[in-house]
Undergrad: 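Pasting a structure below so you can have a look.
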Amino acid sequence: MINPADESVVAFAPECSREELDAAVAAARAAAPAWAAVSFEQRQKLLLQMADVVDAHVVELGRLVTAEQGKTLAVATAEVAGLSYWLRETAALTLPEVVNEDSAERLSVTRRVPLGVVAAITPWNYPMGQLSFKLGPALLAGNTVVVKPSAFTPLSTLRLGELLRDLLPAGVVNVVSGSGGLGSWLSGHPGIDKVSFTGSTQTGRAVMAGAAPTLTRITLELGGNDPAIVLPDVDVPGMAEKLFWAAFSNTGQICLAAKRIYIHADIYEELTQALAAYAATVRIGDPRQEGTQLGPISNRRQYETVLDLVEDCRRQGYTFLTGGTPEPGPGFFVPVTLVDNPPEESRIVREEQFGPVLPLLRFDDVDDVVARANAGEYALGASVWSADPDAALAVARRLDAGTVWVNEIMHLTPQVAFGGRKQSGIGVESGHDGLIEFTEAQTITVRHHTAATA
Ligand code: NDP
């Protein structure tokens, strides 16, 4: 594992062999019937106890996240605390049976039954956060789990597995780490009943293809290129700070971050200058150091992807309002880079940058900006910003995205489902709708022995 802040070796993680993966899946399969037979109430209690375990190790897990991922310690510990919060709130969800018919003739009920063994595959941007959308709901629904973190960030997940080992029955939660083919072996494994995957659209397609021969169930949370639309009536100085963090939190490595900001022409100059001025106040550096607000890009692969996009902007002659020149190493540092009104068809507008490089785009007309925001293959999130919530809501209702926020962004809760449309995914996570994706409907009907049928 490489520390992205200085490229030093943090640790060596196990490379799971094919045989070890088979053993992990076999352990999960063997544990599945007994876990499914544990009462729902008991599983709820165990989720609460898991949350206690996480809480007792927040700082330790947070340090691992900082070392492997590159976010600041404050943000990393908040991410870990988010996992325990999600476990607790998920434990409060229920899966009641639905009575379809209760007549003299028959009783018909539909209940939600577990799928069996779930593969939970997570990306490197939030190793603990992404797991929180999968682990609690999969277990509560009565499934056992094989978790595969990204090969870039396996340490916190491996440690979590160790911490949960004594709490849960053997085989209920298994963690495998490794690079190369491990993800595709796992998602195509015949012993897996469901793949819950978060990652890029390209890999999502491979997961879907790998699941086809066995009709393995899938939930795919994939890439995004979220538009933010800023109407002309906003308070510009306050807006600059909000938009900055909407785009650059976690150094831009968030699927639901604003990835292209459309600003009304009336305020374009003022707001873009204010954004550049605010960017100059933000401290980028080693995330372990006090006062650092943004860390490096998480790994060399993503660093090179982002640098390639910056270089493309330079080659095309676009104007940088700030940034644009990579920092010398060591460490995968890219300065906050604001690109001034590049063409709509440019790579920096059309592609998911997943880093601290942001196109600012001018618009005059709401119909035009809605069409531009809705163009492209992704449809994950979107936001609209205005002093007039009704005007913003009218625009929000026209946007094609799984979640649209008005005057805020990236607000997720364990009670509310989120997911992507178009090439941003299939299915949802969180809330009741997210929970039932870890189950299947089973209907049982009982024909009564009435006088007429006797
Ligand atoms: P990748 O798609 O590269 O990897 C995601 C996970 O899949 C990793 O654990 C990876 O392992 C594994 N994997 C790689 N190949 C396969 C395969 N053939 N079959 C199964 N699993 C495989 O994504 P990144 O880790 O680079 O994450 C960034 C992407 O994730 C961005 O596109 C981002 O938008 C998206 N994302 C989506 C979110 C959402 O909720 N919609 C949230 C956060 C991120 P390994 O790393 O070891 O190769």
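Read the numbers this way: they start at 1 and go in the same order the structure lists the ligands and their atoms.
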Undergrad: Please list the nearest protein heavy atom to atom 25 (O) of ligand 1 with its residue and the distance rounded to 0.1 Å.
TA: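 Ranked first by proximity to atom 25 (O) of ligand 1 is Trp124 CD1, 3.0 Å.
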
Undergrad: Considering non-hydrogen atoms of the protein only, which is the closest contact for atom 5 (C) of ligand 1, and what is the distance?
TA: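 Protein heavy atom with the smallest distance to atom 5 (C) of ligand 1: Thr198 O, 3.6 Å.
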
Undergrad: Determine, considering heavy atoms only, which of Leu412, Asn299, Asn125, Leu222 sits nearest to atom 44 (C) of ligand 1.
TA: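 Shortest heavy-atom distance from atom 44 (C) of ligand 1: Asn125.
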
Undergrad: Please compare Ser179, Ala120, Gly183, Gly381 and report which has the shortest non-hydrogen distance to atom 21 (N) of ligand 1.
TA: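 Among Ser179, Ala120, Gly183, Gly381, the closest heavy atom to atom 21 (N) of ligand 1 comes from Gly183.
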
Undergrad: Just by distance, no angles: are the side chains of Ser17 and Glu20 close enough, under 3.5 Å, to form a donor-acceptor pair?
TA: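 A pair is found: one side chain offers a donor N or O, the other an acceptor, under 3.5 Å apart.
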
Undergrad: Identify the protein heavy atom lying closest to atom 31 (C) of ligand 1, giving its residue, its atom name and the separation to 0.1 Å.
TA: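 For atom 31 (C) of ligand 1, the nearest protein heavy atom comes out as Glu352 OE1, 3.5 Å.
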
Undergrad: Can Glu15 and Ser179 be counted as having a side-chain donor-acceptor contact under 3.5 angstrom?
TA: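 On atom types as modelled, these side chains qualify, holding a pair under 3.5 Å.
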
Undergrad: Heavy atoms only: which of Gly188, Pro154, Ser200 lies closest to atom 2 (O) of ligand 1?
TA: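 Residue with the shortest heavy-atom distance to the ligand atom: Ser200.
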
Undergrad: Please examine the side chains of Val334 and Leu307, heavy atoms only from C-beta on, and report whether any two atoms are closer than 4.5 Å.
TA: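 In short, these two side chains touch, coming nearer than 4.5 Å.
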
Undergrad: Please name all residues satisfying ring pair (Phe, Tyr, Trp, His ring centres under 6.0 Å) with Tyr378, sequence neighbours left out, ordered by chain then number.
TA: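 So Tyr378 forms no ring pair (Phe, Tyr, Trp, His ring centres under 6.0 Å) with any residue.
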
Undergrad: Compare Gly178, Ser187, Ala151 and give the one whose heavy atom is closest to atom 45 (P) of ligand 1.
TA: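 Residue with the shortest heavy-atom distance to the ligand atom: Ala151.
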
Undergrad: Going by a strict under-4.0 Å cutoff (protein heavy atoms only), does atom 48 (O) of ligand 1 have a neighbour on the protein?
TA: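 It does not; no protein heavy atom is within 4.0 Å.
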
Undergrad: For Ser383 and Glu408, which I'm curious about, is there any donor-acceptor pair between the side chains at under 3.5 Å?
TA: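 No, no side-chain donor-acceptor pair sits under 3.5 Å.
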
Undergrad: Geometry only, no angles: is Cys255 polar-contacting ligand 1 at N/O separations under 3.5 Å?
TA: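 No; every N/O pair is 3.5 Å or more apart.
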
Undergrad: N/O of Arg301 under 3.5 Å from N/O of ligand 1, yes or no?
TA: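 Yes.
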
Undergrad: Assess whether a salt bridge exists between Glu60 and Arg159, defined as any Lys/Arg side-chain N lying under 4.0 Å from an Asp/Glu carboxylate O.
TA: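 The answer is yes: the pair qualifies as a salt bridge.
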
Undergrad: Given Asp226, Leu182, Thr203, which has its nearest heavy atom closest to atom 15 (N) of ligand 1?
TA: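 Residue with the shortest heavy-atom distance to the ligand atom: Thr203.
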
Undergrad: Check the angle between the aromatic planes of Tyr303 and Phe332 and answer parallel, tilted or perpendicular using the 30° and 60° thresholds.
TA: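 Aromatic pair Tyr303/Phe332 classed tilted.
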
Undergrad: For atom 27 (O) of ligand 1, find the nearest protein heavy atom and state the residue, atom name and distance (0.1 Å precision).
TA: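 Looking only at protein heavy atoms, the one closest to atom 27 (O) of ligand 1 is Pro123 CB, 3.3 Å.
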
Undergrad: Considering only NZ, NE, NH1 and NH2 on the basic side and carboxylate oxygens on the acidic side, decide whether Glu440 and Arg217 come within less than 4.0 Å.
TA: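 Yes, this pair counts.
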
Undergrad: Tell me if the centroids of the rings in Trp385 and Tyr262 come within less than 6.0 Å of each other.
TA: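 Centroid distance Trp385-Tyr262: not below 6.0 Å, so no.
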
Undergrad: Check whether any heavy atom of Gln302 sits under 4.0 Å from an atom of ligand 1.
TA: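 It does not; every heavy atom stays at 4.0 Å or beyond.
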
Undergrad: Among the heavy atoms of Gln202, does any lie under 4.0 Å from an atom of ligand 1?
TA: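 Checking ligand 1 against Gln202, which is what was asked, there is no heavy-atom contact under 4.0 Å.
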
Undergrad: Is the shortest side-chain N to carboxylate O distance from Glu344 to Arg350 below 4.0 Å?
TA: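 A salt bridge is present here (some side-chain N lies under 4.0 Å from a carboxylate O).
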
Undergrad: Is NZ or CZ of Lys71 both nearer than 6.0 Å to the six-membered ring centre of Tyr126 and within 45° of the ring axis?
TA: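 Yes - Lys71 lies over the ring of Tyr126, closer than 6.0 Å to its centre and within 45° of its axis.
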
Undergrad: Please confirm whether Gly199 comes within less than 3.5 Å of ligand 1 when only nitrogen or oxygen atoms on both sides are compared.
TA: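 Yes, Gly199 has an N/O under 3.5 Å of an N/O on ligand 1.
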
Undergrad: Answer whether the closest heavy-atom distance between the side chains of Asn341 and Leu360 falls below 4.5 Å.
TA: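 Heavy-atom side-chain distance check fails, nothing below 4.5 Å.
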
Undergrad: Can you check which of Thr201, Leu256, Thr122 brings a heavy atom nearest to atom 6 (C) of ligand 1?
TA: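 Among Thr201, Leu256, Thr122, the closest heavy atom to atom 6 (C) of ligand 1 comes from Thr122.
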
Undergrad: Identify the closest protein heavy atom to atom 18 (N) of ligand 1: which residue and atom is it, and at what distance?
TA: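 Nearest neighbour among protein heavy atoms for atom 18 (N) of ligand 1, to 0.1 Å: Ser184 CB, 3.4 Å.
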
Undergrad: Going by an N to O cut-off under 4.0 Å, is there a salt bridge joining Arg88 and Asp52?
TA: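 So Arg88 pairs with Asp52 through a salt bridge.
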
Undergrad: Is the contact between Phe354 and ligand 1 made by the side chain, the backbone, both, or neither, using heavy atoms and a 4.0 Å cut-off?
TA: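 The answer is the side chain of Phe354.
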
Undergrad: Heavy atom of Tyr126 under 4.0 Å from ligand 1?
TA: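 No, that is not the case, since the closest heavy atom of the residue is not under 4.0 Å from the ligand.
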
Undergrad: Using a heavy-atom cut-off of under 4.0 Å, does the side chain or the backbone of Val207 touch ligand 1, or both, or neither?
TA: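 Near ligand 1, Val207 shows its side chain, while the N, CA, C and O stay back.
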
Undergrad: By the ring pair (Phe, Tyr, Trp, His ring centres under 6.0 Å) test, which pairs, at least two apart or in different chains, include something from residues 66-86?
TA: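 Every ring pair (Phe, Tyr, Trp, His ring centres under 6.0 Å) pair that includes a residue of residues 66-86, provided the two are not neighbours, is Trp86-Phe133.
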
Undergrad: Using a strict 4.0 Å cut-off to heavy atoms of Ile121, name the atoms of ligand 1 that fall inside it.
TA: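 So the atoms of ligand 1 that pass are 6 (C), 7 (O), 9 (O), 12 (C), 20 (C), 21 (N).
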
Undergrad: What protein heavy atom sits nearest atom 11 (O) of ligand 1, and how far away is it?
TA: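 I find the closest protein heavy atom is Lys148 NZ, 2.9 Å.
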
Undergrad: Under 4.0 Å from any heavy atom of Leu380, which atoms of ligand 1 are there?
TA: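 In order of number, 41 (N).
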
Undergrad: Tell me: protein heavy atom nearest atom 43 (C) of ligand 1, and distance?
TA: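 Among all protein heavy atoms, the one nearest atom 43 (C) of ligand 1 is Gln130 NE2, 3.1 Å.
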
Undergrad: To the nearest 0.1 Å, how far is atom 7 (O) of ligand 1 from its closest protein heavy atom, and which atom is that?
TA: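 In this structure, atom 7 (O) of ligand 1 has Phe197 CE1, 3.1 Å as its nearest protein heavy atom.
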
Undergrad: May I ask you to decide whether Glu221 forms a salt bridge with Arg421, counting only side-chain N to carboxylate O separations under 4.0 Å?
TA: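 Between Arg421 and Glu221 there is no salt bridge, as every charged N stays at least 4.0 Å from the carboxylate O atoms.
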
